[in-house]
Each structure stands twice: as structure tokens, then as C-alpha cells.
2 protein chains.
Amino acid sequence: MAQRPPSETPPTDDTSDGPAQAKPSRIQKRNRALILEAALDVFSQEGYRGATLDQIAQGSGLSKPNILYYFNGKEEIHVTLLNQLMDRWLDPMRQIDPQGEPLEELLRYVARKLQMSRDYPRESRLFANEILQGAPRMGPHLEAVLKPLVDDTAVVIQGWIDAGKLAPTEPRHLIFSIWATTQHYADFEVQVSVLDGSPTRDATAEAFLRTLYTRLLRPEGR
Amino acid sequence: MAQRPPSETPPTDDTSDGPAQAKPSRIQKRNRALILEAALDVFSQEGYRGATLDQIAQGSGLSKPNILYYFNGKEEIHVTLLNQLMDRWLDPMRQIDPQGEPLEELLRYVARKLQMSRDYPRESRLFANEILQGAPRMGPHLEAVLKPLVDDTAVVIQGWIDAGKLAPTEPRHLIFSIWATTQHYADFEVQVSVLDGSPTRDATAEAFLRTLYTRLLRPEGR
DNA sequence: TGGTTTTTTTACCGCTTGGTAAATTTAGAC
DNA sequence: GTCTAAATTTACCAAGCGGTAAAAAAACCA
């Protein structure tokens, strides 16, 4: 017998029907990690519908039924990945210090986002895929988590502008542009590679973005 | 009998095995357009593998076998869309006039790209999907068509910079950033909508980008 | 070591997918 | 109207899909 999978991660609320045992074994942790790792590869490159459990099985070295022993289905794997992603994804924005030097804080935010695109390109593509398809599995999450954070950050930036510490700009669209320009290097990596095969590309990108946002945000008197 | 579809569009070179008749009938033109229209909807939202012929059939009002009478397969529909897209997609860059006023030319390019994201969001997402998945059906096209155009444009921009008409910037990454910021409004529309539901969003975006690139590119003496 | 639980495999299933063959209907030329 | 070619429908596959049942194997614990 014993047909019950160990279900969702303990810290999260238990949406599945399983017994939700609290202490995942060594094997469970290892195999769940293997599955998520392989799934990230597949989902980020093929999109949700394009990804298959067989691909994930092959990538993780486990059999398909074995994967379904650890996750209740394809969708649960995907949702787990997205939830894990969001925490890491929003971290750079949470690190913006309202008490810090405005221009420096924002330039460091840009640098952190760019670094994330380099270190976690698959996560960036996974996220892009989800949004591109209308965020069918993350819409509520965007409203509940992302929106308040962006609202707060926009207020902080507007405060800096009102205090004359930054040149006037629309805060929300500033944020959009930072996301767009940094994530572009991960999401459109193939295209970027074709057009700039230079080995110093990373450094050039960093310097360019620093210049871009310095010139945009630096207040009047230099 | 008469089992042969009319195959590819006449202007393009004939890659299919069909008889490739030169004069598409009224019905052929109408139905191929219907199919491509529906396919654009589906492919742009679901990605290549996520899209199904049944969805395209439903969207176009034709039966699935009838669709395969006009196109030799799912992939041919997709490739046809991508080829049609690329022409329209690169047009704004081709319109940059090397003889024009540099800053004005680039700001108008940004405005045109932004307008394209508004007028053709599905095309933008179709393209994004293709690149995101590693450009499996467009890699050669990028090399052959996109790269030369970008190379030329980069030379023009560098010329402007060397002549002191623009503040110094890396031309290629400038282009990347223009693509990223403008296409972001189409590709991440769901996210943008959640974070900025304002009805004046379009105008705000346009003003923001104008400010962004004016401050980046305006040469020293204002 | 023996018994129990967890983990993995084997063998499936029903459904959807892209695609085909051939018959049927429709449109166009005379 | 009639003949012919183009267009469409009907009836199908074979393969791949997510998922399941149950037996076998491995790990754990005493």
C-alpha cells in the first residue's frame, strides 16, 4: 500500500489532499530538488503546455510515475516553481533602502536585477513565459504580493523626487524600464548573443545601464 | 482527386513539395488570412507547442483538415507568421534616416516601436515566445536579416556620437534597451495592467520613454 | 533478522494531438 | 446546364500526453 505522496512543502499551506507529513526524508528532499531542477529547465524553455512530464523525468533521472509520487501533477510542479521564484525575484526590490542615497540605491537595484538575470536566466524565462501567457497561474499572486511592493516603492521614489534628490520621472514606469532592460538580457539571450558576441558583453551591459539610469535620474546640479 | 494544397505564398521561395500554383484564388486568400489571423491569436498566447490545430480551427471557423489543405502542417503556419512578422517588425529601424537630426531620429524610432507594441501586441508576443524558446525556427533569419540591419544602425549611431551629435553610449545596447522598454508594454501587458490600471497609461509610457532617451542621448550643451 | 514503511518500477488507460485518405460538396469556365 | 477543378467534410489513425493501480524493491527500525 502506501500510495500517498508526501505532498506540498510543509511551510506552505496544504492545498493538496495528501497526509502532508511534516518531516520530509533525505530522499524526499533530494528527489524533489532533482525534479524541480529538471522542471525549471523544461518549463523555462518550452512553456507550461509545451513541457512534458517525460522531459522532466529524463532530466531528473527519475521515472514518470515516480515524479507523480512526489508531486500531485504537472501543474503542482509548475506552481511550486513559480512560488519559489517570486520570493527570490522580488528580493532586490525589497532591499531598496528608503533612508539611503536615492541615486545610489536605484543604481544598485539595477545592478542587482542585472546580476539576477545573469545568475538565474531560467527563472527569468519561466516568469516571462507565465506573464506572456496571461499569468494564468499567478494573477492573484501579482495582485497580492507584487502590487503592494511596487506601490510602496513608487511612493519612496516619488518622495525622493519631491525632495529634489532625483530628477522628476514617473516612478512606476521607471520600475518597468528597469525590469525590461535587465530581464531582456536573460529572456532574449539568444537574440542578444547573435547581435553582440563580444566576450565583454556583460561588462558593457552593466556600464550602459549605469549610464542610462544615471543620466535619467541625476538631479539638475549634477 | 485534387489533394494538393496551394502551398506557400508565391513571393517567397517554394520550400514545400506542392505544385505551388502562382495565382491564389479569392477563397484561398481569404482562408489563408483567416487561418493566419486565428493562428496568431493562439501561437502568441500559448507558444508553439502549446498551440493546437483544433484551437486554430475553431478560431478561424474552418475544420482542421481544411486548415491542412492550405498549410502543409502546424510548423508551416508558424513559420509563415514569423516571416510576415519580421518584415513589419524591422520596418521602424529601417526608417531611421542617417541624414536626419540624430536625437530626433532616435526619439521617433522609440515612438514608432512603442506604437507597434500597442498596435501589434500579439506579434510582439509571438516574437517573444520564439526568442524565449531559443529561436528554433528563426535563428538563421536573425543572423541573415536582423544582424546586418543592427550592425548598420550601430554604425550610424556611432557616427552620430563621434560627430558630437549624441552623448556617448554603446549603440548596440542602446538598441537593446529600446526594444526591451517598448516591447515590455506588449509582452508583459498583464503585469503592467495590474500595476498601473490608469487610463492614461499609454501617454505616460510615451512621455517616460521620451524623457528617458532624451536625458540619455542629449549631447552636453543641452 | 524480520517486519513495516517508503520508494520505485511495470504495465497500463483514456484522451488529445498532428496528420491522412477518400468521398462529397461547392465554385468557376464554357 | 454541364463539366472540371477547387474546396470541404467525414471518418479515421498512430503517437504522445498526463495520470493511475498495483506489485516489487529498497530503506528504515526494532
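Naming convention: chains lettered A, B, ... in sequence-line order (proteins, then strands); numbering from 1 in each chain. Since we're looking at a predicted model, the values are computed, not measured.
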Open item on the list: Using whole Å, what does the distance between atom C1' of nucleotide D:dA7 and atom NZ of B:Lys29 come to?
Closed with: 17 Å

TODO: Indicate, with yes or no, if the rings of A:His173 and B:Tyr185 have centres closer together than 6.0 Å.
DONE: yes

Task: Phosphate contact (C:dT8 OP1 or OP2) by A:Asn31 side-chain N/O below 4.0 Å - done: yes

Task: Gap between atoms CD and P, on B:Glu75 and C:dG19 respectively (whole Å) - done: 9 Å

Task: Between D:dA7 (P) and B:Phe71 (CZ): distance, integer Å - done: 13 Å

TODO: Starting from P on C:dT20, measure out to CG on B:Leu53 and report it in whole angstrom.
DONE: 11 Å

Open item on the list: At less than 4.0 Å, is any side-chain N or O atom of A:Tyr69 found next to OP1 or OP2 of C:dT7? Yes or no.
Closed with: yes

Task: Touch class at under 4.0 angstrom, heavy-atom based, for B:Thr52 against every strand present - done: sugar-phosphate

Output one line per pair: protein atom, nucleotide atom from nucleotides 26-30 of chain D, and distance, for all N/O pairs under 3.5 Å.
from: D:dC28; atom 1: OP1; to: A:Arg26; atom 2: NH1; distance (Å): 3.2
from: D:dC28; atom 1: OP1; to: A:Arg26; atom 2: NH2; distance (Å): 3.4

Open item on the list: Suppose we call a contact any N or O donor and acceptor under 3.5 Å apart; does that hold for the side chain of A:Lys74 and the base of D:dG19?
Closed with: no

Open item on the list: Students often get this wrong, so: under 4.0 angstrom with heavy atoms, is B:Ala57 touching a base, only sugar-phosphate, or nothing?
Closed with: nothing

- [ ] Figure out the CD/P separation between A:Gln28 and C:dT8, and round it to whole Å.
- [x] 9 Å

Task: Gap between atoms NZ and P, on B:Lys64 and D:dA11 respectively (whole Å) - done: 15 Å

Open item on the list: Rounded to whole Å, how long is the line connecting atom NE2 of A:His78 with atom P of D:dG19?
Closed with: 13 Å

